[in-house]
Amino acid sequence: MKKVAFIINPFSAKKNYQPFLNELKKKVDNPSYYISESIAGTDEFIQTYFDKVDIFVAIGGDGTISTVAKNLINTEKILAIFPAGSGNGFSNETRFNKNLDELLEKIKAKKSRKIDTFTVNDRLSINVSGTGFDGKVVKEFEKTSRGFKNYIKVSLKTFFNYKPIKVKFFDKEYQQYNGKYLMLNIANTRQFGNNAYIAPKASKSDGLVDMVLVKKFPITYSALFAFRMFTKRLKDDEYVTYLPVSEIAFKVNTKNWHLDGEFNKIESPVHVKVQPASLNILV
């Protein structure tokens with residue numbers, strides 16, 4: 001464990017990281033760890049120990065994982081995860097769970113593989129990013145104490161008041177999809193988190209992302225949409241369109257985005273580009 005570093009987001013898991021740290025200290029002799037105070041602090045820690053560490057373990061949610069991953073892109077350094085977020089979409093998709101013994105066994109075996117990531121105007125995303133309805137939901141969700149129940153409450157409240165966004169593509173191939181949408185998502189993996197599968201056929205190792213265009217649907221369709229999303233059955237229909245792409249550019253009349261569940265302001269025009277096999281992850 002000499003070449004392993006654990007990076008803890010103290011604001012994840014309802015700010016209760018101490019049980020994890022206590023268990024880690026019992027099972028690993030003098031572990032190298034950092035309790036992050038900021039994104040800049042995390043970046044500085046990784047750069048300081050970059051040459052001495054082979055495996056960086058992110059303890060937090062998708063936003064924490066993405067922050068750590070940003071420093072490891074296109075290197076041989078390995079990302080590992082102990083999920084401690086509210087949704088844990090990326091860790092679910094990469095088969096990490098809250099069993100520390102299992103994680104330590106994986107670290108000892110040190111097997112890894114390369115997966116894709118993508119950028120939105122040069123900002124990294126590893127899981128699912130989007131704009132429109134869910135960008136607004138994330139913005140409002142960050143004002144709460146988080147948790148799945150609060151996410152549902154915020155989603156319902158936002159849905160009824162939300163005006164569709166306008167999307168305009170630059171490439172002629174996609175201009176037939178210009179129009180108004182409830183939300184636009186870019187999916188490198190299948191789910192947002194909490195087993196909500198927005199792109200059931202997405203793959204993190206095919207050199208593509210699924211662009212998911214969802215039109216605002218009537219309340220009578222909402223139960224079917226939710227059922228399909230939580231049972232991996234969402235598909236193309238009159239309200240949902242999937243566009244597998246490696247690169248795409250468009251304009252959208254909102255700056256509200258979420259990148260891996262973290263709120264961001266992003267100006268149009270928007271350029272999305274896949275980075276194939278760019279992140280080395282523990283398996």
Side-chain angles (χ1 to χ4, degrees), residues 1-37 41-42 45-46 48-73 75-117 126-128 146-148 188-197 203-205 230 232 260-261 277-283:
M1 295 290 168
K2 291 182 179 179
K3 291 191 173 184
V4 181
F6 297 82
I7 298 169
I8 301 168
N9 180 352
F11 304 106
S12 292
K14 298 180 180 178
K15 302 182 181 180
N16 187 20
Y17 66 90
Q18 198 61 50
F20 166 82
L21 191 54
N22 293 342
E23 186 180 4
L24 179 66
K25 288 179 177 178
K26 286 180 182 178
K27 295 178 176 178
V28 177
D29 184 32
N30 194 27
S32 175
Y33 67 90
Y34 171 67
I35 300 173
S36 177
E37 296 178 353
T42 295
F45 174 83
I46 292 173
T48 299
Y49 289 91
F50 195 81
D51 294 334
K52 301 174 184 177
V53 172
D54 292 334
I55 302 174
F56 289 91
V57 185
I59 298 92
D62 285 352
T64 304
I65 297 163
S66 187
T67 297
V68 175
K70 178 182 64 177
N71 292 276
L72 313 182
I73 293 295
T75 75
E76 292 306 310
K77 302 301 180 181
I78 300 171
L79 172 70
I81 300 163
F82 186 89
S86 54
N88 300 317
F90 187 74
S91 55
N92 289 344
E93 291 293 287
T94 47
R95 299 184 179 180
F96 287 95
N97 57 44
K98 295 185 178 183
N99 185 322
L100 182 57
D101 289 328
E102 187 175 312
L103 175 61
L104 295 177
E105 286 301 315
K106 284 184 176 183
I107 289 171
K108 287 178 184 177
K110 204 179 177 181
K111 293 180 180 179
S112 65
R113 71 182 180 101
K114 297 280 190 178
I115 65 169
D116 303 335
T117 61
I126 57 174
N127 195 53
V128 178
R146 291 188 172 252
F148 187 57
N188 187 42
T189 75
R190 300 176 299 167
Q191 64 169 294
F192 287 125
N194 292 307
N195 299 309
Y197 293 86
S203 167
K204 54 190 173 294
S205 55
F230 284 101
K232 308 177 191 177
D260 299 323
S278 54
L279 179 61
N280 207 15
I281 193 158
L282 195 69
V283 296

(request) Could you name each residue pair satisfying side chain to side chain donor-acceptor pair (under 3.5 Å) that touches residues 60-70, not counting sequence neighbours? (result) Asn9-Thr64, Asp43-Lys70, Asp62-Asn127, Ser66-Asp260
(request) List in chain and number order the residues that pass ring-ring contact (aromatic ring centres under 6.0 Å, His included) with Tyr197, two or more places apart in sequence or in another chain; answer none if no residue qualifies. (result) none
(message) For the CD atom of Glu23 and the CG atom of Leu100, what is their distance to the nearest 0.5 Å?
(response) 4.5 Å
(message) Counting C-beta onward and ignoring hydrogens, is there a side-chain heavy-atom pair between Val4 and Val53 closer than 4.5 Å?
(response) no
(request) List in chain and number order the residues that pass salt bridge (charged side-chain N to carboxylate O under 4.0 Å, His left out) with Lys111, two or more places apart in sequence or in another chain; answer none if no residue qualifies. (result) none
(request) Output all residues satisfying side-chain contact (heavy atoms from CB on, under 4.5 Å) with Asn22, sequence neighbours left out; order by chain, then residue number. (result) Gln18
(request) List for me each residue that meets side-chain hydrogen bond (donor to acceptor under 3.5 Å, both in side chains) alongside Glu102, sequence neighbours excluded, and say none if there are none. (result) Asn97
(request) With sequence neighbours excluded, tell me which residues meet side-chain contact (heavy atoms from CB on, under 4.5 Å) with Thr94. (result) Ile81, Phe90, Phe96, Lys204, Ile281
(request) For Asn30, enumerate each residue passing the side-chain hydrogen bond (donor to acceptor under 3.5 Å, both in side chains) test, keeping only those at least two apart in sequence or located in another chain. (result) none
(message) Determine whether a donor-acceptor pair (N or O, by modelled atom type, separation under 3.5 Å) exists between the side chain of Asp116 and the backbone of Asn188.
(response) no
(message) Strictly by salt bridge (Lys or Arg N to Asp or Glu O under 4.0 Å), give each pair with a member in residues 75-92 just once, sequence neighbours left out.
(response) Asp54-Lys77, Glu76-Lys114
(request) Can you sort out the partners of Phe82 under ring-ring contact (aromatic ring centres under 6.0 Å, His included), two or more places apart, ordered by chain and number? (result) Phe20
(request) Sequence neighbours left out, what passes side-chain contact (heavy atoms from CB on, under 4.5 Å) with Arg95? Give chain and number order. (result) none
(message) Tell me every residue that passes ring-ring contact (aromatic ring centres under 6.0 Å, His included) with Tyr49, counting only those two or more places apart in sequence or in another chain.
(response) Phe45
(message) Taking side-chain contact (heavy atoms from CB on, under 4.5 Å) as the definition, give me every residue that meets it alongside Lys26, ordered by chain and number, with sequence neighbours left out.
(response) none
